[in-house]
A.B. asks: 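To start, I am sharing the structure in question, which I have written as structure tokens.
As the structure is a computational prediction, the values presented were derived from the model and not from experiment.
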Amino acid sequence: YMLFVFKVRMDISVATGVAILALNSIVGFLFHSHLGGIGWEFLAFTAPGVLLGGFIGARSGRYIERRFSERGSENQGHSRLKLFFSIVILVDGVSILLYSYLRDMSLF
């Protein structure tokens, strides 16, 4: 949003997003700890998934992006990978909002 709507530089937008995500993660951890803790079975699968997923995701994203750029992309600087994941995130968000709305209307 900062990047496309407010035309903020990429590095500032990414750094702001990471800082907000880190703050939300800490607050969420404290909130759930106060409610009774987080189950170890959940942490046993989530923590390695986050670490391995971050490592593998970053490498595979760079590899896929390189493959697209080697083929002579005709999209003039726009990343197909970023566009694809932007569409996935948009569809996911709209489906969650629609499901919540329909559930509140007692249709589900």
A.B. asks: Going hydrophobic residue to hydrophobic residue with side-chain gaps under 4.5 angstrom, can you get from Met2 over to Val5?
C.D. replies: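 Cluster IDs for Met2 and Val5 match.
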A.B. asks: Do Ile26 and Phe29 have side chains that approach each other closer than 4.5 Å (heavy atoms only, starting at C-beta)?
C.D. replies: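 The answer is no; the side chains never approach within 4.5 Å.
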A.B. asks: Could you give the distance from OG1 (Thr46) to CG (Leu51), rounded to the nearest 0.5 Å?
C.D. replies: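 CG of Leu51 is found 10.5 Å from OG1 of Thr46.
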A.B. asks: Rounded at 0.5 Å granularity, tell me how far CD1 in Ile20 sits from CG in Leu23.
C.D. replies: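 Ile20 atom CD1 to Leu23 atom CG measures 8.0 Å (nearest 0.5 Å).
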A.B. asks: Within the 4.5 Å heavy-atom criterion, are Asp92 and Ser95 side-chain neighbours or not?
C.D. replies: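 When only atoms from C-beta onward are counted, Ser95 and Asp92 do touch, with a gap below 4.5 Å.
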A.B. asks: Are Leu90 and Val88 connected in the hydrophobic side-chain network, where two residues link if heavy atoms are under 4.5 Å apart?
C.D. replies: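 Not linked; separate clusters.
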A.B. asks: So, taking the atom named CZ in Phe6 and the one named CD1 in Ile12, what distance separates them when rounded to the nearest 0.5 Å?
C.D. replies: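 Rounded to the nearest 0.5 Å, the CZ-CD1 separation comes out at 15.0 Å.
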A.B. asks: At what distance, to the nearest 0.5 angstrom, does OH of Tyr101 lie from CG of Asp104?
C.D. replies: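 These two atoms lie 9.5 Å from each other.
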A.B. asks: Please identify each residue that fulfils side chain to side chain contact (heavy atoms under 4.5 Å, CB included) with Ser100, with sequence neighbours left out.
C.D. replies: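 Result, side chain to side chain contact (heavy atoms under 4.5 Å, CB included) vs Ser100: Ile96.
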A.B. asks: Going only through I, L, V, M, F, W and Y residues with side-chain contacts under 4.5 Å, is there a path from Tyr63 to Phe55?
C.D. replies: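 No, no single cluster joins them.
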A.B. asks: Any link between Leu43 and Leu52 through a network of hydrophobic side chains (Ile, Leu, Val, Met, Phe, Trp, Tyr) touching at under 4.5 Å?
C.D. replies: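 No, Leu43 does not connect to Leu52 through the hydrophobic network.
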